[in-house]
Amino acid sequence: MAIKVGILLFLVCSTLIPIGRGLAETVVDVTKFGAKPNGKVDSSMEMIRAWNKACKSPGPSAKLLIPRGKFRTGEVIFQGPCTANKRVTVEIQGTLIADTDLSVYTSDYWISFEHVDNVVVTGGGTINGRGQATWKYAAGDTIQNAPLLPVSMLFQSVRHSAVHHLNFVNSMGFHMKVTDSSGINVSHLHITAPKNSPNTDGIHISETTHINITDSVIKTGDDCVSIGDGNTNVIVSKIKCGPGHGISIGSIGKRADEKSVKGVRVSDCTLTGTTNGARIKTYRASPKLQVSNIIFENLILKNVKRPIIIDQDYNSKNRIQPSNVKIRDVHFRNIRGTTSSKNAVTLTCSKSNPCEGIEFANIDIAPTPKVRGLLPVSCVNAKPIFKGKVKPARCRC
Ligand SMILES: *[C@@H]1O[C@H](CO)[C@@H](O)[C@H](O)[C@H]1NC(C)=O
Ligand SMILES: *[C@@H]1O[C@H](CO)[C@@H](O)[C@H](O)[C@H]1NC(C)=O
C-alpha cells in the first residue's frame with residue numbers, strides 16, 4: 001500500500017523533463033506538496049516533504065522548485081544524503097519568509113542544508129528573515145547568554161555545491177553560514193540589512209575547505225564576510241561591501257576546540273563606508289592556533305574607519321593573558337582609498353606570539369577631509385616588511 005501511494009504521489013507531484021540523451025530530470029514543485037504561496041500559512045513540512053521527494057528520486061538530477069509567491073516557513077532542514085551521484089537544484093523563484101516566533105526554532109538556523117553533496121541553490125528569489133522583529137533579542141555584550149538568532153541559510157557538512165543568484169534580506173542572525181563543508185561556490189548574492197542590525201553577518205564560514213565567494217553585493221550591520229576558525233583554501237573576490245564591518249578573519253580563539261586558518265585570499269573588493277576594511281581579529285587567552293598564508297590584495301576602500309587592522313585583543317575581557325594565536329605570512333598589497341580616522345593601519349599583535357611575515361606593498365590611503373593627517377602605521381609586537389609606496393608612513397620598529 002505504502003509503495004502504491006508512493007508511486008501515485010510520484011506521478012502526481014513530479015514531472016520528468018528530458019535533459020539530453022534520454023536522461024530525465026525530476027522536477028518537484030513545492031505547491032504540489034501543499035506549500036501555499038500566500039505568505040500566511042506555514043509551509044515548513046510541505047517544503048521538507050517536497051525536498052525528500054526530489055532528494056530520493058531516481059535519475060541523475062532533480063529540481064526542487066519554489067515558484068513565484070511568498071512562502072512562510074519556520075525551521076526547515078533539507079537533509080541528505082540524497083540518491084548517490086545525484087545533482088539537486090533548489091530553484092527559489094519566489095520569496096521565503098521566516099516565522100519570527102523564535103519558539104519554532106530548535107537550533108540557530110532557519111533553512112539548513114545538511115549532509116548533501118552536489119546541491120545548487122539558486123533561482124533569483126528572496127530569502128527574507130524578517131529580522132527587524134527579533135534583533136532586540138540579539139546576543140551582545142549587554143545580554144549575557146542571549147540565544148543566537150537563527151541564520152537564514154546554513155550549509156552544514158555539504159560538499160561540492162553552490163549557491164548563486166539569490167537575494168537575502170534582514171536575516172535574524174547571519175544571512176548565510178557555511179560550516180564543516182568543502183568545494184563550495186558562492187556567487188551573485190545580494191545581501192541587505194540595515195547598518196545598525198546586530199550580528200547580521202553577510203556570509204560566515206567555519207571549518208570549511210575550498211570555498212569561493214565571488215561577485216556579490218553585501219550591505220549589512222556586521223561583517224560582510226567573516227572567516228572563522230578551521231578554514232583552509234578560501235577565496236573571496238569581487239565583493240562590494242558596505243555598510244558593514246568589512247571583511248574579517250575571525251574572531252579566532254574564543255573556544256577551546258577551534259582549529260587554525262590557512263590559505264585565504266581576499267581580492268578585488270570595494271568597501272564603502274565600513275567600520276573596518278581588511279581585518280584579522282583574535283581573542284586573548286586563546287588556545288594555541290595559527291592564522292597563516294593570508295593575502296588581501298587589490299582593494300578599494302572608500303571612507304573606511306580602520307582600513308587595515310590586526311587586533312589580537314579583540315573583545316577580550318582578559319587583559320592579562322595574551323592571545324596564543326600566531327599570525328604569520330599576511331600580505332596586504334595594492335590597497336588604496338580613503339579613511340575617516342587617523343589610525344588607518346594598526347597592527348596590535350600578541351606579546352607572546354608576535355606577528356611574523358607581515359608585508360605591506362603599495363598601500364595608498366588618504367584621510368577624508370575631516371581628518372587632519374594620518375598617524376604612521378602602528379606596529380605593536382610586529383615588524384612588518386614594506387615594499388613600494390606605503391601611505392600612511394611606515395612605523396619605526
Ligand atoms: C565552482 O566553480 C569552479 C570554477 O568556476 C568550477 O570549476 C566548479 O565546478 C564549481 N563547483 C561547483 C560545485 O559548482
Ligand atoms: C575557486 O576558484 C579557483 C580559482 O578560480 C578554482 O581553481 C577552484 O576550483 C574554485 N573552487 C571551487 C570550490 O570551485
Side-chain angles (χ1 to χ4, degrees), residues 17 19-20 23 25-28 51 54-57 59-66 77-93 109 111-125 127 151-168 174-191 202-218 224-228 230-241 247 261-270 293 295 297-298:
I17 297 185
I19 47 163
L23 301 176
E25 179 168 63
T26 306
V27 177
V28 181
W51 159 267
C55 173
K56 300 292 184 194
S57 66
S61 66
K63 179 181 284 184
L64 178 71
L65 177 64
I66 301 174
I77 304 179
F78 295 131
Q79 179 101 39
C82 297
T83 315
N85 304 316
K86 171 189 289 298
R87 162 157 301 213
V88 183
T89 303
V90 177
E91 187 163 321
I92 305 171
Q93 297 175 349
Y109 52 80
I111 300 160
S112 174
F113 291 86
E114 295 178 10
H115 306 283
V116 279
D117 294 358
N118 257 310
V119 66
V120 178
V121 189
T122 185
I127 321 288
V151 171
S152 283
M153 186 180 287
L154 172 67
F155 268 32
Q156 168 140 27
S157 308
V158 172
R159 289 187 297 174
H160 194 75
S161 293
V163 185
H164 60 87
H165 294 94
L166 286 174
N167 304 295
F168 286 78
F174 301 160
H175 287 86
M176 168 131 210
K177 176 175 167 180
V178 180
T179 188
D180 189 31
S181 295
S182 66
I184 309 291
N185 289 341
V186 179
S187 74
H188 299 95
L189 300 188
H190 196 282
I191 299 177
I203 303 165
H204 177 77
I205 62 176
S206 65
E207 314 257 336
T208 289
T209 184
H210 291 107
I211 176 165
N212 289 352
I213 302 172
T214 63
D215 294 290
S216 294
V217 176
I218 305 175
C224 290
V225 180
S226 52
I227 299 162
N231 293 298
T232 57
N233 294 303
V234 176
I235 293 179
V236 177
S237 68
K238 295 187 232 161
I239 304 295
K240 287 195 169 69
C241 166
I247 297 176
V261 176
K262 187 169 185 180
V264 177
R265 179 186 217 103
V266 177
S267 69
D268 305 289
C269 298
T270 303
N293 294 51
I295 299 172
E297 68 180 351
N298 307 331

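Please read all numbers here as calculations on a predicted model, not as lab measurements. Just so you know, ligand 1 is whichever comes first in the structure, and atom 1 is the first atom listed for that ligand.
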Near His160 (heavy-atom distance under 4.0 Å), the atoms of ligand 1 are 13 (C)
Quick one: NZ on Lys56 to CH2 on Trp51, what's the gap to the nearest 0.5 Å?
9.5 Å
Decide yes or no for Val116 and Cys82: does some side-chain heavy atom of the first lie under 4.5 Å from some side-chain heavy atom of the second?
yes
Verify, without hydrogens or angle tests, whether Ser237 (side chain) and Asp268 (backbone) share a donor-acceptor contact under 3.5 angstrom.
no
Has ligand 1 got any nitrogen or oxygen that is less than 3.5 angstrom from a nitrogen or oxygen of Ser161?
no
Distance under 4.0 Å to a non-hydrogen atom of Asn185: what atoms of ligand 1 satisfy this?
1 (C), 2 (O), 3 (C), 8 (C), 10 (C), 11 (N), 12 (C), 14 (O)
May I ask you to check whether His165 and His188 place their ring centres under 6.0 Å from each other?
yes
